[in-house]
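Values in this document were obtained by computation on a predicted structure and should not be read as measured data. Position 1 is the first residue of the sequence, and the numbers go up from there. Side chains are part of it too, since the values below use all heavy atoms of this structure and drop only hydrogens, waters and symmetry mates.
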Amino acid sequence: GTTTTLAARHLAQRADLLASSDPQPLTVVTNALNIATEMVLRPFIRCVNLGGIARPESYEVTGPLATMVMEQLWLDTALLGVEGIDAAVGVTCSLEAEAAISALMVARSDRVIVAATGDKVGRRTFARICDTGRIDVLVTDDSAPADALERLREVGVQIVVA
């Protein structure tokens, strides 16, 4: 998605990564071909692409191959782009295959950050990724409904409005 692509670009420009004495201080695991394409161009980032069946609409890969690879990995932090986040419903997207890969990323992560524009906050879509109890941080914009943000805070989600 566009939100995670922008986040990946921002991550790749961090000064601490550029100044690190470690030749590859960061490993990015992604199921998005467009993010993999951007990360692989950065010699200081090790890029792991899950493989699988690519969707031309979103450049995301899904399916048994992506699942098989993801089941072998552990992530410190997962950064998810979603289509909906609601305190009662959880985190959702419109396609069950994408939800399945995202859910597996959540399960294999120590920390989960959701990046969602304000129009996605307080909204639910077709397929559930996880409940809000697994979300550590929501990064959103100032268009997010205040009441929906408050409900998320009440269930323990840290909110960052950027």
Side-chain angles (χ1 to χ4, degrees), residues 1-18 25-39 42 45 47-50 54-62 66 70 73-162:
T2 56
T3 305
T4 51
T5 300
L6 291 173
R9 284 180 188 152
H10 179 74
L11 177 68
Q13 296 172 0
R14 284 180 29 185
D16 62 324
L17 295 177
L18 296 169
L26 179 70
T27 298
V28 172
V29 176
T30 184
N31 69 322
L33 298 174
N34 60 321
I35 291 174
T37 300
E38 290 206 25
M39 295 299 108
R42 319 235 186 230
I45 295 176
C47 181
V48 177
N49 188 282
L50 296 182
R55 292 190 62 244
E57 304 86 357
S58 65
Y59 304 112
E60 290 182 81
V61 295
T62 61
M70 191 62 234
L73 305 175
W74 291 108
L75 307 177
D76 294 326
T77 302
L79 173 62
L80 300 178
V82 302
E83 294 177 42
I85 179 169
D86 178 82
V89 173
V91 181
T92 60
C93 68
S94 61
L95 296 170
E96 66 280 359
E98 289 178 20
I101 293 297
S102 293
L104 187 52
M105 287 181 172
V106 168
R108 307 292 289 179
S109 297
D110 294 331
R111 182 171 182 238
V112 178
I113 300 171
V114 169
T117 53
D119 60 318
K120 297 172 183 172
V121 176
R123 176 181 179 212
R124 70 166 173 84
T125 57
F126 178 67
R128 185 168 179 263
I129 296 168
C130 67
D131 65 29
T132 52
R134 276 298 278 130
I135 305 304
D136 297 292
V137 179
L138 166 64
V139 179
T140 190
D141 59 51
D142 60 7
S143 71
D147 58 331
L149 291 177
E150 185 54 35
R151 286 192 297 275
L152 288 164
R153 279 189 192 96
E154 288 171 2
V155 296
V157 178
Q158 177 186 348
I159 308 293
V160 175
V161 178

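Partners of D16 under the side-chain hydrogen bond (donor to acceptor under 3.5 Å, both in side chains) rule, at least two apart in sequence or in another chain, are R14. For N49, the side-chain contact (heavy atoms from CB on, under 4.5 Å) test picks out T30, L33, A36, V61, with sequence neighbours left out. Scanning for side-chain hydrogen bond (donor to acceptor under 3.5 Å, both in side chains) contacts around T2 gives an empty result, with sequence neighbours left out. A search for side-chain contact (heavy atoms from CB on, under 4.5 Å) contacts involving R55 returns E57, S58, L95, E98, not counting sequence neighbours. Qualifying side-chain contact (heavy atoms from CB on, under 4.5 Å) partners for L73, counting only residues two or more places apart in sequence or in other chains: V29, V48, L50, V69, M70. In this view, T77 satisfies the side-chain hydrogen bond (donor to acceptor under 3.5 Å, both in side chains) rule with no residue, not counting sequence neighbours. Take L18 and apply the side-chain contact (heavy atoms from CB on, under 4.5 Å) test, not counting sequence neighbours, and it matches F44. Under the side-chain hydrogen bond (donor to acceptor under 3.5 Å, both in side chains) criterion, S143 pairs with D141, not counting sequence neighbours.
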Practice task
Evaluate the side-chain contact (heavy atoms from CB on, under 4.5 Å) criterion for residues T3 and V82: first the C-alpha distance (whole Å), next the side-chain angles of each, then the deciding distance (0.1 Å), finally the verdict.
Solution key: CA-CA 9 Å; T3 305; V82 302; over 6 Å; no
Problem - Audit row: I129, S102, side-chain contact (heavy atoms from CB on, under 4.5 Å) steps and yes/no - result: CA-CA 6 Å; I129 296 168; S102 293; 3.7 Å; yes
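Note that CG of L75 and OG1 of T27 are 10.0 Å apart. Values are rounded to the nearest 0.5 Å.
Residues L152 and D86 approach most closely at CD2-C, 4.0 Å, considering heavy atoms.
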Would you mind writing out the side-chain donor-acceptor pairs for residues 114-121 within the sub-3.5 Å range, not counting sequence neighbours?
unit_1: T117; atom_1: OG1; unit_2: D119; atom_2: OD1; d: 2.4

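Counting only residues at least two apart or on different chains, the side chain to side chain donor-acceptor pair (under 3.5 Å) pairs with a member in residues 121-132 are T92-T125. Here salt bridge (Lys or Arg N to Asp or Glu O under 4.0 Å) pairs that include residues 150-162, with residues two or more places apart or in two chains, are D147-R151, E150-R153. Residue pairs satisfying the side chain to side chain donor-acceptor pair (under 3.5 Å) criterion with at least one member in residues 104-116, sequence neighbours excluded, are absent.
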